[in-house]
Amino acid sequence: MGVPMLDIATENQAVAEAVRQRIDAVIETNQFILGKTVAELELALAKRCGVDNAVGVSSGTDALLMALMALEVGPGDEVIVPPFTFFATAGAVHRVGATPVFVDIDPVTFNIDPAAIEAAITDKTKAIIPVHLYGQCADMTAIMKIAEARGLYVIEDAAQAIGAKDHDRPAGSIGHVGCLSFYPTKNLGGFGDSGAVLTQDAELAQKMRHIRLHGQTDEYRHQYVGGNFRIDGLQAAALIVKLEHLDAYEAGRRAAAERYQALLSEVPLTLPAAAEGQYHVYNQYTVRSERRDELCAHLKANEIGHKVFYPLALHLQPCFAYLGYQPGQLPVAEAATAEVVSLPMFPTLSAEQQERVAAVIDEFYQ
Ligand SMILES: *Cc1c(COP(=O)(O)O)cnc(C)c1O
């Protein structure tokens, strides 16, 4: 029996009829861009994520870009980011003309290391983008303390972490701006590309609403240069329905993680660990092994879905060669790229499927 890495079909089939009805309603109104369905989604998202303002956007990538633009981060500014994350985190910094400054991560949580942030701050530092990797928040208490002492902005990349909490504070609600992605494989997965920015700051929210529309503050009057970062009504229709099920998706993922923890306790793999005070929502269930590549080959031969997030750290990407980083410079992140592998994880993953995954892993170590 093979086990897929992902099964978004089951989750989406279950809501398909409700989504179709919502889509029909959008078609009736012809409000395909923004409009009242989007406004309804934004209210529901703000409530779920514990913030006063949510602004729907075209993707998680654009959420990051828009947050940086709204905070006026640009040429001459440095932004501290982890090197072990999806590309967009650092790509957005480059795109606004600022310089990404990569600092190392914590070996247990894989999230940015607050001590490394502290050590990298210069006169040019303007913001920090902690990423809540795999569904667990970075150490936001330490990060906010550093940021407040130095007057830096914090943009949370919560693309993988809607629903996660750091000491009861929802992911995306703690920094100046939180960025969400609704890419179909995220914990709240849409029917296409979209995302959102979250903020407690009403003025900043308004500015981001303007930037979403080419910086337009009144019709054809542009206070800023923004972009087209709009979310569409059909996407919002699907997300409103799926947001109602987010608690159930989250419970499914957390239950699956608990079963893995029991099934894999005897094998010589390092299993994911929630740090003290962290409520992990397991966008990925990522283990680590010094024999990672051999293990992957064995999983593949047995049709067990798996994927390496991420095989090459961002400070070593060809497009960032101009920054001058060398291999070995961020050793914790580089070791992670060589040792991690994510196992099948989705809300409807069954105990039987997980027993199969565990049996194949057991076989590898025997
Ligand atoms: C998915 C993801 C993004 C980008 O989101 P898109 O909606 O795909 O643009 C950004 N950062 C992280 C950490 C992600 O996982």
Side-chain angles (χ1 to χ4, degrees), residues 5-6 8 41 45 49 54-69 79-96 100 102-103 105-106 109-112 127-138 140 143 154-164 166 171-172 174-175 177-198 212 227-232 235-236 238-239 242-243 253 272 280-286 307-315 317 333 336-337 340 342 345-346:
M5 177 68 188
L6 270 173
I8 57 172
L41 172 69
L45 269 177
C49 297
V55 180
V57 298
S58 32
S59 68
T61 301
D62 287 343
L64 289 161
L65 190 59
M66 226 173 68
L68 289 161
M69 290 170 85
V79 179
I80 298 176
V81 294
F84 190 60
T85 171
F86 179 63
F87 180 76
T89 314
V93 174
H94 175 97
R95 287 174 64 192
V96 296
F102 296 103
V103 307
I105 58 168
D106 177 273
T109 64
F110 303 110
N111 282 325
I112 196 165
I128 307 166
I129 310 183
V131 178
H132 305 326
L133 202 70
Y134 304 145
Q136 168 166 230
C137 288
M140 291 304 293
I143 292 167
V154 175
I155 298 169
E156 297 176 66
D157 183 342
Q160 299 181 7
I162 187 172
D166 177 331
I174 310 166
V177 183
C179 298
L180 300 177
S181 165
F182 308 126
Y183 184 78
T185 64
K186 300 291 162 84
N187 284 25
L188 177 61
F191 284 22
D193 272 318
S194 60
V197 287
L198 309 174
R212 176 173 69 173
N228 173 0
F229 301 129
R230 298 176 303 232
I231 183 174
D232 62 66
Q235 213 42 251
L239 288 165
K242 292 197 73 182
L243 185 56
R253 287 175 183 276
H280 198 320
V281 293
Y282 296 99
N283 181 243
Q284 299 297 339
Y285 188 87
T286 305
K307 195 149 182 164
V308 174
F309 302 110
Y310 298 90
L312 181 59
L314 298 189
H315 65 293
Q317 293 288 348
T337 62
V340 298
S342 299
M345 172 52 81
F346 46 91

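Order of listing sets the numbers, starting from 1, for every ligand and every atom in it.
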Of Glu156, Gln160, His280, which is the lone residue that meets side chain to side chain donor-acceptor pair (under 3.5 Å) with His132? Glu156

Thr61 contact mode with ligand 1 (heavy-atom cut-off under 4.0 Å): both

Ala88 neighbourhood, listing ligand 1 atoms whose heavy-atom distance to it stays under 4.0 Å: 10 (C)

By number and element, which atoms of ligand 1 are closer than 4.0 Å to a non-hydrogen atom of Ala159? 2 (C), 3 (C), 10 (C), 11 (N), 12 (C), 14 (C), 15 (O)

Would you check the N or O atoms of Gly60, main chain and side chain alike, for any that come under 3.5 Å of an N or O of ligand 1? yes

Indicate the ring-plane relationship of Tyr310 and Phe86, choosing parallel, tilted or perpendicular according to the 30° and 60° boundaries. tilted

For Thr109, side chain to side chain donor-acceptor pair (under 3.5 Å) partners two or more places apart: Asp106

Sub-4.5 Å side-chain heavy-atom contact between Asn111 and Gln136: yes

For atom 1 (C) of ligand 1, closest protein heavy-atom neighbour: Lys186 NZ, 1.5 Å

To check your reading of the model: name the closest protein heavy atom to atom 3 (C) of ligand 1, its residue, and the distance in Å. Phe86 CD2, 3.5 Å

Return yes when atom CZ of Phe309 has more than 12 non-hydrogen atoms of other residues, nucleotides or ligands closer than 6.0 Å, and no otherwise. yes

Before signing off on this row, confirm whether Gln160 and ligand 1 have an N or O atom pair separated by under 3.5 Å. yes

Output the list of atoms in ligand 1 that are nearer than 4.0 Å to some heavy atom of Val131, sorted by atom number. 13 (C)

Contact atoms of ligand 1, heavy-atom distance to Thr85 under 4.0 Å: 13 (C)

Compute the shortest N/O to N/O distance between Asp157 and ligand 1 and return yes if it is under 3.5 Å, no if not. yes

Say whether Ser181, considering both its backbone and side-chain N or O atoms, lies within less than 3.5 Å of an N or O atom on ligand 1. yes

Mind checking side chain to side chain donor-acceptor pair (under 3.5 Å) for Asp232 and listing every partner two or more places apart, or none if nothing turns up? none

Please answer whether the main-chain N or O of Met345 pairs with a side-chain N or O of Gln284 as donor and acceptor at a distance below 3.5 Å. no

Value for CZ (Phe182) from CG (Leu243), rounded to nearest 0.5 Å, stands at 8.0 Å

